[in-house]
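Working notes, beginning with the structure itself.
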Amino acid sequence: MTDAVDVRIPITLLTGFLGSGKTTVLNNLLKPSFWERLLRVPPLTAVIMNEFGSIGLDHQLVDNTQGTMALLSGGCVCCEIQGSLVPTLKNLWMGRRDGKIPPYERIIIETTGIADPTPILETLLRSDWVAKRHYLDGVVTTVDAVFGNGQLDQHFEAVRQVAGADRLLLTKTDLADAATIQQLEARLATLNPAAPIVHVQHGNVDPDHVFKLRAYHQSEPVKAKQWLAADNFRVVSASLPLKQPSILNPSTPMHGGTDGRIRSFSLQFDQPLPWAGVSEALDTLAEFCSARLLRMKAIVNVQEYPGRPIVLHAVQHLFYPSVELPAWPDADQRSRFVFITADLDEDFVSNLLTSFTQTVNQTPHSGE
Ligand SMILES: Nc1nc2c(ncn2[C@@H]2O[C@H](COP(=O)(O)OP(=O)(O)OP(=O)(O)O)[C@@H](O)[C@H]2O)c(=O)[nH]1
């Protein structure tokens with residue numbers, strides 16, 4: 001789907017560890033600009049907040065005069081949100097349609113600080129009603145410049161939130177010294193080489209760093225290449241000596257704290273790949289290794305579609321509908337897959353893809 005025809009409402013998922021500055025960023029994003037105030041532009045953003053515990057408090061801290069607010073209260077986002085997010089989105093949408101609430105143009109969902117955002121992504125993808133009227137624009141994760149290192153050491157959830165981000169907001173940079181910031185940035189770039197890092201003080205962030213990311217629906221070839229950021233990843237295979245992958249033992253034991261469990265790497269294939277092999281390999285990964293597959297993006301040179309690269313996305317077991325680009329961004333027409341995994345090593349993934357794509361190549365044509 002292209003920007004010109006996509007009239008669905010974009011949803012931004014704002015996540016980040018406890019106290020890392022999500023609400024402060026949100027308040028700043030909701031502030032109308034000088035021109036919006038002058039022209040009395042109605043609030044453009046609807047906010048959905050999810051809070052841990054039965055009584056929500058955070059919504060009382062958000063300046064509600066500038067946005068339309070809905071609160072998903074009670075329970076951890078992981079277990080509760082799938083049930084309540086769809087009705088909440090429906091209520092907002094119907095209120096907007098019936099003129100009961102301002103005609104918002106985008107939605108921000110702020111998660112709890114300890115949430116795995118995957119169930120929210122799953123809801124946005126799996127509900128037909130939601131997917132017809134909305135799309136996920138991107139996942140934005142706040143990281144505390146002062147406490148971020150310690151949180152990443154101690155809480156794997158914080159690592160997962162960083163790995164799943166399309167954009168990282170490094171908050172409280174006014175409180176941290178330059179060496180701490182530099183060290184944390186290097187660590188974030190290792191955990192998630194594709195996500196640009198933006199420094200934020202007191203929540204002040206340019207909305208362009210948060211909105212219109214189109215991270216899951218990139219259909220412009222040049223932007224798709226930037227979005228893939230494959231050059232930032234460690235390349236682990238071009239053409240591999242094939243070892244048979246074992247589904248029962250997909251990872252070697254990993255050490256080195258929370259970071260040591262994370263791998264970020266890129267696989268490149270010089271020759272066009274058969275679509276059946278690619279999809280079987282990815283189905284297998286999704287089925288057997290879903291929790292270990294934190295993020296995957298790919299641009300694939302498919303044998304059956306010469307000249308028309310296919311763009312793929314996954315977050316854990318969630319595979320987004322593939323997008324066909326009208327052309328390659330440049331002369332480099334190799335297939336590139338970038339992966340961020342947890343407790344899943346690169347040899348396993350690379351052997352799986354190689355094995356399935358070679359097997360399909362060698363399968364005799366059925367002659368139908
Ligand atoms: N000095 C400074 N303080 C900040 C900054 N960003 C946030 N804070 C403060 O940090 C505290 C936590 O910020 P919040 O925005 O509430 O963080 P949060 O991620 O929404 O917190 P939870 O909802 O509890 O997970 C607040 O006291 C903020 O005022 C910043 O850039 N600089």
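Note that the structure is a prediction, hence the values are computed from the model and not measured. Both backbone and side-chain heavy atoms feed into the values below; hydrogens, waters and symmetry mates do not.
More than 12 heavy atoms of other residues, nucleotides or ligands lie within 6.0 Å of CD in Q333, so this atom counts as buried by the packing criterion. Counted within 6.0 Å of CD on E324, heavy atoms from surrounding residues, nucleotides or ligands total more than 12; the atom is thus considered enclosed. Heavy-atom contacts from other residues, nucleotides or ligands closer than 6.0 Å to CZ of F147 number 12 or fewer.
Interatomic distance, NZ of K172 versus OG1 of T24, reported as 7.0 Å (0.5 Å rounding). Remark: K100 NZ to L92 CG distance equals 13.0 Å, nearest 0.5 Å. Summarising the geometry, atom CG belonging to L89 is positioned 9.0 Å from atom OG1 belonging to T123; distances are rounded to the nearest 0.5 Å. Between the CG atom of L293 and the CG atom of L282 there is a distance of 8.5 Å, given to the nearest 0.5 Å. Here the straight-line distance linking atom CG of D128 with atom CZ of R126 works out to 11.0 Å at 0.5 Å rounding. Here the straight-line distance linking atom CD1 of I310 with atom CD1 of I299 works out to 9.5 Å at 0.5 Å rounding.
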Quick one, Y104 with I9, criterion side chain to side chain contact (heavy atoms under 4.5 Å, CB included). Give me CA distance, side-chain angles, the key distance, then yes/no.
CA-CA 9 Å; Y104 59 86; I9 296 170; 3.8 Å; yes
Criterion side chain to side chain contact (heavy atoms under 4.5 Å, CB included) on T173 and L170, from CA distance to verdict
CA-CA 7 Å; T173 48; L170 191 54; 4.1 Å; yes
Just do the side chain to side chain contact (heavy atoms under 4.5 Å, CB included) check on L353 and L285 with the steps written out, would you?
CA-CA 9 Å; L353 264 166; L285 262 184; 5.9 Å; no
Before you tell me yes or no, could you show the steps for T180 and D177 under side-chain hydrogen bond (donor to acceptor under 3.5 Å, both in side chains), namely the whole-Å CA-CA distance, both residues' side-chain angles and the distance that decides it to 0.1 Å?
CA-CA 6 Å; T180 307; D177 60 68; 2.9 Å; yes
Using the rule given for side chain to side chain contact (heavy atoms under 4.5 Å, CB included), can you reason through V130 versus L85, listing the C-alpha separation, both sets of side-chain angles and the distance that settles it, and then say yes or no?
CA-CA 10 Å; V130 173; L85 181 58; over 6 Å; no
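Looking at V140 and F211, their side chains never come closer than 4.5 Å, going by heavy atoms from C-beta outward. No side-chain heavy atom of D283 sits under 4.5 Å from any side-chain heavy atom of F356. Side-chain atoms of I11 and R106, non-hydrogen and from C-beta on, never get closer than 4.5 Å to each other. Looking at heavy atoms from C-beta onward, W328 lies in side-chain contact with N301 at the 4.5 angstrom threshold. Contact check for H317 versus E287: no side-chain heavy atoms found under the 4.5 Å cut-off. The shortest side-chain heavy-atom distance between I109 and L14 does not fall under the 4.5 Å cut-off. Under the 4.5 Å side-chain criterion, counting only non-hydrogen atoms from C-beta, L26 is in contact with I108. No side-chain heavy atom of F233 sits under 4.5 Å from any side-chain heavy atom of F339.
In the hydrophobic clustering of ILVMFWY residues, with side-chain heavy atoms under 4.5 Å counting as a link, L175 and L169 come out apart. Under the 4.5 Å side-chain contact rule for hydrophobic residues, V146 and F17 do not share a cluster. Y135 and L44 are not part of a single hydrophobic cluster, where members link through side-chain heavy atoms under 4.5 Å apart.
G277 approaches T357 most closely through the heavy-atom pair C-CG2, 4.0 Å. Looking at every heavy atom in both residues, A186 comes nearest to T190 through O-OG1, 2.9 Å. Minimum interatomic distance between L29 and P207 (heavy atoms only, all atoms of both residues): CD2-CA, 4.0 Å. Here the closest non-hydrogen pair linking A215 and G138 is CB-CA, 4.2 Å. In plain terms, the two heavy atoms of R167 and A195 that are nearest each other are N-CB, 4.2 Å. Across every non-hydrogen atom of T111 and K22, the tightest pair is O-CE, 3.5 Å.
Using modelled atom types and a 3.5 Å distance limit, the side chains of N351 and T354 yield no donor-acceptor pair. R336 and Q268 form no side-chain donor-acceptor contact under 3.5 Å, judged by distance and modelled atom types alone. There is no side-chain donor-acceptor pair under 3.5 Å between R263 and T341. At a cut-off of 3.5 Å, with distance as the only test, a side-chain donor of R187 or N149 sits close to an acceptor on the other residue. No side-chain donor-acceptor contact under 3.5 Å links T142 and T171. Under the 3.5 Å distance criterion, with hydrogens and angles disregarded, no donor-acceptor pair is assigned to the side chains of Q161 and H155.
By the 30° and 60° cut-offs, the orientation of the rings of H313 relative to Y320 is perpendicular.
Salt bridge annotation for R292-D343: absent, with no cationic side-chain nitrogen under 4.0 angstrom from a carboxylate oxygen. Checked for salt-bridge contact, D166 and R295 meet the test: a charged N lies under 4.0 Å from a carboxylate O.
E105 contributes no side-chain N or O that, together with a main-chain N or O of T45, makes up a donor-acceptor pair within less than 3.5 Å. In this structure a side-chain-to-backbone donor-acceptor pair under 3.5 Å is present from D137 to R214.
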